There are 2 protein chains.
Amino acid sequence: MRYTPNLSQLTSKFFMNDASKKTKLIEAATQLFHTQGINATSLKDIAEKAGVPLGNVYYYFKSKDELGLAAAEEQMGRLKGLLKSLEEQSQSPKKRIVAAIRFFESVKDRFAQFGCPVAQVCQSTLPATDVVGKSYANVYREHLDWLEAQFSEMGCKKDSAQYARQVLIGIQGAGLLAKALGSPQIISEELERLVQWVQNLA
Amino acid sequence: MRYTPNLSQLTSKFFMNDASKKTKLIEAATQLFHTQGINATSLKDIAEKAGVPLGNVYYYFKSKDELGLAAAEEQMGRLKGLLKSLEEQSQSPKKRIVAAIRFFESVKDRFAQFGCPVAQVCQSTLPATDVVGKSYANVYREHLDWLEAQFSEMGCKKDSAQYARQVLIGIQGAGLLAKALGSPQIISEELERLVQWVQNLA
DNA sequence: GTCTATATAATGATAGAC
DNA sequence: GTCTATCATTATATAGAC
């Protein structure tokens with residue numbers, strides 16, 4: 001299974017060989033918010049990475065928060081793209097859940113270095129009040145809703161919501177520990193445990 | 001009330017009931033790093049909360065990083081204090097593990113609002129290179145070592161390290177989701193699942 | 001030891017020429 | 001649409017009076 005985000009195709013209204021500046025800014029922000037954190041990343045960092053002069057950023061986004069919201073949308077788009085590709089490739093709900101878990105095997109090294117991009121922003125903001133944190137938190141909701149639907153389709157209707165949380169808790173907890181201790185192996189181990197658990201479900 | 005430098009010296013050295021300015025700064029930093037994150041917290045914030053003039057902070061700590069290291073030591077001390085009290089109160093290793101899990105029931109509301117204080121700093125720094133993040137990550141190591149020792153004493157020698165990681169992954173994953181979704185209930189549910197799992201172990 | 005004042009750099013954000 | 005120059009604010013950190 002391979003999931004390739006293709007932001008420029010999604011956001012460009014016309015066929016362009018070159019990603020627009022706005023797209024480049026969103027890509028740069030999304031990446032830097034992941035690797036450095038949203039508070040440690042300045043608009044200058046983002047502008048430089050995107051190859052756009054600092055003052056020009058404000059032509060596309062009226063504030064850093066707006067750029068943060070765009071980055072949250074980008075993360076949401078990536079998750080939805082992943083889930084959609086899993087639905088196309090895996091027939092049964094159980095296989096889809098297993099594939100959704102195993103996907104994180106492909107990003108474990110990045111997670112061990114920088115953590116989960118959604119966790120990074122949700123942890124360094126207050127999602128209860130911060131608009132950007134709130135928007136990033138919606139990515140978790142989307143993930144949980146999808147997992148819950150799969151468990152429900154599997155026949156675990158009564159426990160589908162709880163099972164969905166168990167899966168995401170495992171992935172996120174492992175991601176956090178992996179980053180703190182610098183160990184991708186922690187992620188592999190937890191993913192394997194989750195897969196075994198799902199496959200042994202009725 | 002104002003006091004002379006001589007009295008101040010006496011107070012901090014011999015009368016422990018009056019917290020010294022250094023202690024107040026560490027307490028303020030520890031709390032603000034938890035609730036606001038280390039990057040969003042300025043030395044001015046810390047100084048004001050501790051009731052110390054900004055310029056005076058540098059008499060006690062030569063940089064923000066040094067204050068961050070002191071806050072990490074404070075978190076380590078709190079964990080060690082918790083683990084020590086669990087050892088005094090619980091007889092069997094299984095009971096100690098269960099008590100170590102159930103402890104987080106008492107902080108679930110704070111976790112749901114601000115996340116875990118250790119996760120907060122480990123997530124917003126790069127523990128692989130950042131000295132403060134590295135120091136906070138040691139709190140996780142201490143927790144894992146203690147859990148592993150308990151599982152080992154229980155008889156799960158072969159799987160003790162993995163079991164320890166499973167417990168901390170569950171606690172941390174639940175803490176992160178609880179903060180993102182504003183739901184202490186997510187923590188309660190996961191803690192109960194972990195307790196059930198431990199109690200059913202051989 | 002304590003505190004005011006300040007240096008210096010970086011930040012988010014604007015103004016306005018082209 | 002693009003870019004330079006710059007404002008206002010805030011950050012870490014220092015100097016030096018008391």
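Predicted model, so just to flag it, every value in this text is computed and none were measured. Chain letters run A, B, ... following the sequence lines, proteins first, then strands; residues in each count from 1.
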Novice: Could you tell me which residues satisfy side-chain contact (heavy atoms from CB on, under 4.5 Å) with B:Leu126, sequence neighbours excluded, listed by chain and number?
Specialist: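 Once residues adjacent in sequence are excluded, the partners of B:Leu126 under the side-chain contact (heavy atoms from CB on, under 4.5 Å) criterion are A:Phe114, A:Lys179, B:Thr129.
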
Novice: Is it true that B:Arg78 and B:Glu74 have a side-chain N and a carboxylate O under 4.0 angstrom from each other?
Specialist: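 Result for this pair is yes, salt bridge flagged.
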
Novice: Whether A:Lys22 engages the ring of A:Phe61 as a cation-pi pair (distance to the six-membered ring centre under 6.0 angstrom, angle to the ring normal within 45°) should be assessed.
Specialist: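 Verdict for A:Phe61: a cation-pi partner in A:Lys22.
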
Novice: More than 12 foreign heavy atoms under 6.0 Å from NZ of A:Lys94: is that the case here?
Specialist: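 Counting other residues, nucleotides and ligands, NZ of A:Lys94 exceeds 12 neighbours.
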
Novice: Would you say A:Lys21 places a side-chain N or O within less than 4.0 Å of OP1 or OP2 belonging to D:dC3?
Specialist: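 So the side-chain polar atoms of A:Lys21 do come within 4.0 Å of the phosphate oxygens OP1 or OP2 of D:dC3, strictly under.
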
Novice: When the ring centroid of B:Trp197 is compared with that of B:Tyr163, is the distance short of 6.0 Å?
Specialist: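 Under 6.0 Å, so yes.
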
Novice: Counting distance only, does the side-chain N/O of A:Asp65 pair as donor-acceptor with the main-chain N or O of A:Val131 below 3.5 Å?
Specialist: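 Pair absent, no side-chain N/O of A:Asp65 close to backbone of A:Val131.
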
Novice: List the steps, then state whether side chain to side chain contact (heavy atoms under 4.5 Å, CB included) holds for B:Ile101 with B:Glu192.
Specialist: CA-CA 9 Å; B:Ile101 295 168; B:Glu192 195 49 41; over 6 Å; no

Novice: Would you jot down, in residue-number order, the residues of residues 42-51 of chain A having a non-hydrogen atom under 4.0 Å from DNA chain D?
Specialist: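 Contacts with DNA chain D under 4.0 Å: none.
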
Novice: From A:Ser160 OG over to A:Glu153 CD, what is the distance, rounded to the nearest 0.5 angstrom?
Specialist: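 The distance works out to 11.5 Å.
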
Novice: Short of 4.0 Å, heavy atom to strand atom, which residues of residues 53-67 of chain A count as contacting DNA chain D?
Specialist: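 Of all residues in residues 53-67 of chain A, the ones placing a heavy atom under 4.0 Å from DNA chain D are A:Pro53, A:Gly55, A:Asn56, A:Tyr59, A:Tyr60.
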
